[in-house]
Amino acid sequence: QVQLVESGGGLVQAGGSLRLSCAASGSIFRIHDMAWYLQAPGKQRELVAAITGGGTTNYADSVKGRFTISRDNGKNTMYLQMNGLKPEDTAVYYCAAHVDISLVTSTREYWGQGTLVTVSS
């Protein structure tokens, strides 16, 4: 079994910065792509940023130039550095990962519990 735990959310003023972390643990053979999603109240969950096992990154247009996704494979941890935060960034942020637990199992998708980011105006 694999667990993902997010941390680092909180209340910040507009223009401020925050760093989110996602730590993976459990029966892990290899972590492939990982991603951050956000979900605002009453809306669909949407992709913020993604990073492959090799380090290739992609970002939603709304966060390009402000957010940076990274990972530390030795620690099985992913990060999201958020700068220049805006009130519209307010949401619950979720970590997701595609994980192999052995060579003979198919890749499965795992999700964290989410961490709340609130940006005040």
K.L.:
Please find the pair of heavy atoms, one from I101 and one from Y110, that lie closest to each other, and give the distance.
P.N.:
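Between these two residues, the closest heavy atoms are CG2-OH, 4.2 Å.
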K.L.:
Is there a chain of hydrophobic side chains (I, L, V, M, F, W, Y, each step under 4.5 Å between heavy atoms) that links I51 to Y59?
P.N.:
yes
K.L.:
Starting at OG1 of T68, measure out to CZ of R66 and round the result to the nearest 0.5 Å.
P.N.:
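Going from the OG1 atom of T68 to the CZ atom of R66 covers 11.0 Å.
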K.L.:
Would you name the heavy atoms of N76 and I28 that are closest together and state the gap between them?
P.N.:
ND2-CD1, 4.0 Å
K.L.:
If you define the side chain from C-beta out and look only at heavy atoms, does anything of Y94 sit under 4.5 Å from L4?
P.N.:
no
K.L.:
I'd like to check E46 versus Q44 (side-chain heavy atoms, cut-off strictly below 4.5 Å). Are they in contact?
P.N.:
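The answer is no, as the side chains (C-beta and beyond) never meet within the 4.5 Å cut-off.
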K.L.:
Is it true that K86 and D89 make a salt bridge, defined as a side-chain N closer than 4.0 Å to a carboxylate O?
P.N.:
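No, this pair does not count.
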K.L.:
Taking it one step at a time, do Y79 and D72 satisfy side chain to side chain contact (heavy atoms under 4.5 Å, CB included)?
P.N.:
CA-CA 8 Å; Y79 306 95; D72 184 334; 4.2 Å; yes
K.L.:
Check the hydrophobic clustering (I, L, V, M, F, W, Y; side-chain heavy atoms under 4.5 Å; chains of links allowed) and say if V117 and V63 are grouped together.
P.N.:
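Both belong to a single hydrophobic cluster.
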K.L.:
How are the rings of W111 and Y37 set to each other: parallel, tilted or perpendicular (split at 30° and 60°)?
P.N.:
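Geometry flag for Y37 against W111: tilted rings.
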K.L.:
Determine yes or no for a side-chain-to-main-chain donor-acceptor pair under 3.5 angstrom, with T107 supplying the side chain and D100 the backbone.
P.N.:
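Judged by distance alone, no pair lies under 3.5 Å.
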K.L.:
Taking all non-hydrogen atoms of both residues into account, name the closest pair between I69 and M34 and its distance.
P.N.:
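For I69 versus M34, the nearest heavy atoms are CD1-O, 4.4 Å.
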K.L.:
How many angstroms lie between atom CZ of F29 and atom CG of L103, to the nearest 0.5 angstrom?
P.N.:
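Nearest 0.5 Å value for the CZ-CG distance: 3.5 Å.
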K.L.:
For a quick test of reading the model, state the closest non-hydrogen atom pair linking N73 to G53 and the distance between them.
P.N.:
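Closest approach of N73 to G53: ND2-O, 3.8 Å.
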K.L.:
Closest approach of Q1 and Q3, non-hydrogen atoms and distance?
P.N.:
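Heavy atoms of Q1 and Q3 come nearest at CG-NE2, 3.2 Å.
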K.L.:
Spell out, yes or no, whether L20 and V12 are grouped together once hydrophobic residues are joined by side-chain heavy atoms under 4.5 Å, including indirect joins.
P.N.:
yes
K.L.:
Can you tell me how far CE of M82 sits from CG of L18, rounded to the nearest 0.5 angstrom?
P.N.:
4.5 Å
K.L.:
How far does CG of L116 sit from OG1 of T90, to the nearest 0.5 angstrom?
P.N.:
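OG1 of T90 is found 8.0 Å from CG of L116.
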K.L.:
Please lay out, stage by stage, how I31 and R71 fare under the test side chain to side chain contact (heavy atoms under 4.5 Å, CB included).
P.N.:
CA-CA 11 Å; I31 303 177; R71 63 193 289 171; 3.5 Å; yes
K.L.:
Is any side-chain heavy atom of E6 closer than 4.5 Å to a side-chain heavy atom of Q113?
P.N.:
yes
K.L.:
Taking all atoms of both residues into account, what is the closest heavy-atom pair of Q81 and S17, and its distance?
P.N.:
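Minimum heavy-atom separation between Q81 and S17: NE2-CB, 4.1 Å.
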K.L.:
Kindly work out whether a path of hydrophobic side-chain contacts (I/L/V/M/F/W/Y, heavy atoms less than 4.5 Å apart) joins W36 to V92.
P.N.:
no
